[in-house]
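Here's the structure, in structure tokens; my notes come after.
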Amino acid sequence: MVLPRSFYSRKAETVAKELLGCFLVTNLPEGITVGKIVETEAYLSAGDLSSHSYKGRTPRNAVMFDSPGRAYVYFTYGMYYCFNTVTGPKGKGEGVLIRSLEPLEGIELMKKRRGVEDIENLCSGPAKLTQAMGIDIKLNGAELTRGPIIIQESDQKVEIITSTRIGITKSIDLPLRFFIKDNPFVSR
DNA sequence: GACCAGATTGTCT
DNA sequence: GACAATCTGGTCA
């Protein structure tokens with residue numbers, strides 16, 4: 001079952017935790033790839049100084065203020081994309097960054113896109129997984145309730161560990177990173 | 001293993 | 001003009 005919009009309409013921390021174990025699917029002309037979400041981070045709005053949305057709406061972050069359940073894809077470091085889901089009440093500016101996946105289907109395509117052979121190196125980081133899944137800026141604003149990117153629910157129970165977020169320089173003390181315990185595909 | 005430099009460009013000040 | 005929700009490949013141990 002594809003996760004409905006109501007799933008995303010809750011606060012980012014809740015969505016971030018519940019996305020763990022779910023399946024991210026891209027269906028692009030090159031083929032289908034599927035990965036299990038094993039690591040996420042919540043980004044809030046006002047008060048979260050590392051969130052793109054904390055200073056208000058700009059052309060870049062506009063999608064974060066749009067409807068929950070959309071994809072917020074941004075370009076960073078001159079060469080990488082990161083993938084988020086928009087969450088929370090519409091207009092608030094919250095989102096969840098997908099940080100790593102466990103590759104499940106389309107692994108040969110992932111290897112080709114990434115240029116690496118090691119399975120544990122295919123999707124174990126936010127910029128790695130966008131490359132492996134074929135996600136780029138053209139998919140910014142896409143609806144996750146219908147293709148070409150969707151997220152499917154999972155009935156698996158997972159054990160969740162909480163920690164501080166990675167790769168940021170502001171609001172570094174907030175416990176908004178979540179990952180599946182003992183999963184080898186988590187980044188770092 | 002740990003640590004460091006370099007890549008490369010959109011975005012905001 | 002500074003910096004970025006990163007990754008890779010190098011050095012040194």
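The chains referred to below are lettered A, B, ... by the order of the sequence lines, with proteins before strands, and numbering in each begins at 1. Computed from a predicted model, the values in this text were never measured in an experiment.
Among the heavy atoms of the strands lying under 4.0 Å from A:L97 is at least one base atom, whether or not backbone atoms are also near. If you check every strand for non-hydrogen atoms under 4.0 Å, A:R99 touches sugar and phosphate atoms only.
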For nucleotides 2-13 of chain B, just jot down a letter per nucleotide in 5' to 3' order: B, S or -, based on protein non-hydrogen atoms under 4.0 Å.
-----BBBSSSS

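For the pair A:Y54 OH and C:dA4 C1', the interatomic distance rounds to 13 Å; values are reported in whole Å. For the pair A:L49 CG and C:dC3 C1', the computed distance is 15 Å after rounding to whole Å. Separating the CD1 atom of A:I98 from the P atom of C:dT6 is a distance of 14 Å, rounded to the nearest angstrom. Atom CD in A:E39 sits about 13 Å away from atom C1' in C:dT6, given to the nearest Å. Between A:R177 atom CZ and C:dA5 atom C1' the separation is 12 Å, expressed in whole Å. Taking atom CG of residue A:D118 and atom P of nucleotide C:dG9, one finds them 12 Å apart after rounding to whole Å. Taking atom OH on A:Y72 and atom P on C:dA4, their separation rounds to 14 Å, with Å as the unit.
The backbone N or O of A:G56 lies less than 3.5 Å from a partner atom in the side chain of A:N61, making a donor-acceptor pair.
The cationic group of A:R165 lies under 6.0 Å from the six-membered ring centre of A:Y43 and within 45° of the ring axis, placing it in a cation-pi geometry.
For the P atoms, the distance linking B:dA5 with C:dC3 amounts to 16 Å, nearest Å.
Heavy-atom minimum distance, A:I166 versus A:S187: CD1-OG, 4.5 Å.
Along DNA chain C, the nucleotide nearest A:G125 and the nucleotide nearest A:K170 are compared for position; the residue whose nucleotide lies closer to the 5' end is A:K170.
Residue A:R114 places no side-chain N or O under 4.0 Å from the OP1 or OP2 atom of C:dC7. Note on A:K128: a side-chain N or O is less than 4.0 Å away from OP1 or OP2 of C:dT8.
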Verdict with supporting geometry, A:R177 and A:E39, salt bridge (Lys or Arg N to Asp or Glu O under 4.0 Å)
CA-CA 8 Å; A:R177 173 173 177 249; A:E39 180 182 1; 2.8 Å; yes

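Applying the salt bridge (charged side-chain N to carboxylate O under 4.0 Å, His left out) test to every pair with at least one member in residues 116-129 of chain A, sequence neighbours left out, gives these pairs: A:K111-A:E117.
Here the two rings, on A:Y74 and A:Y72, have centers that are under 6.0 Å apart.
Ion pairing between A:R70 and A:E143 holds under the 4.0 Å rule for side-chain N and carboxylate O.
In a base pair of the Watson-Crick type (N1 to N3 plus N6-O4 or O6-N4) or a G-U wobble (N1-O2 and O6-N3), with each distance short of 3.5 Å, C:dA4 is matched with B:dT9.
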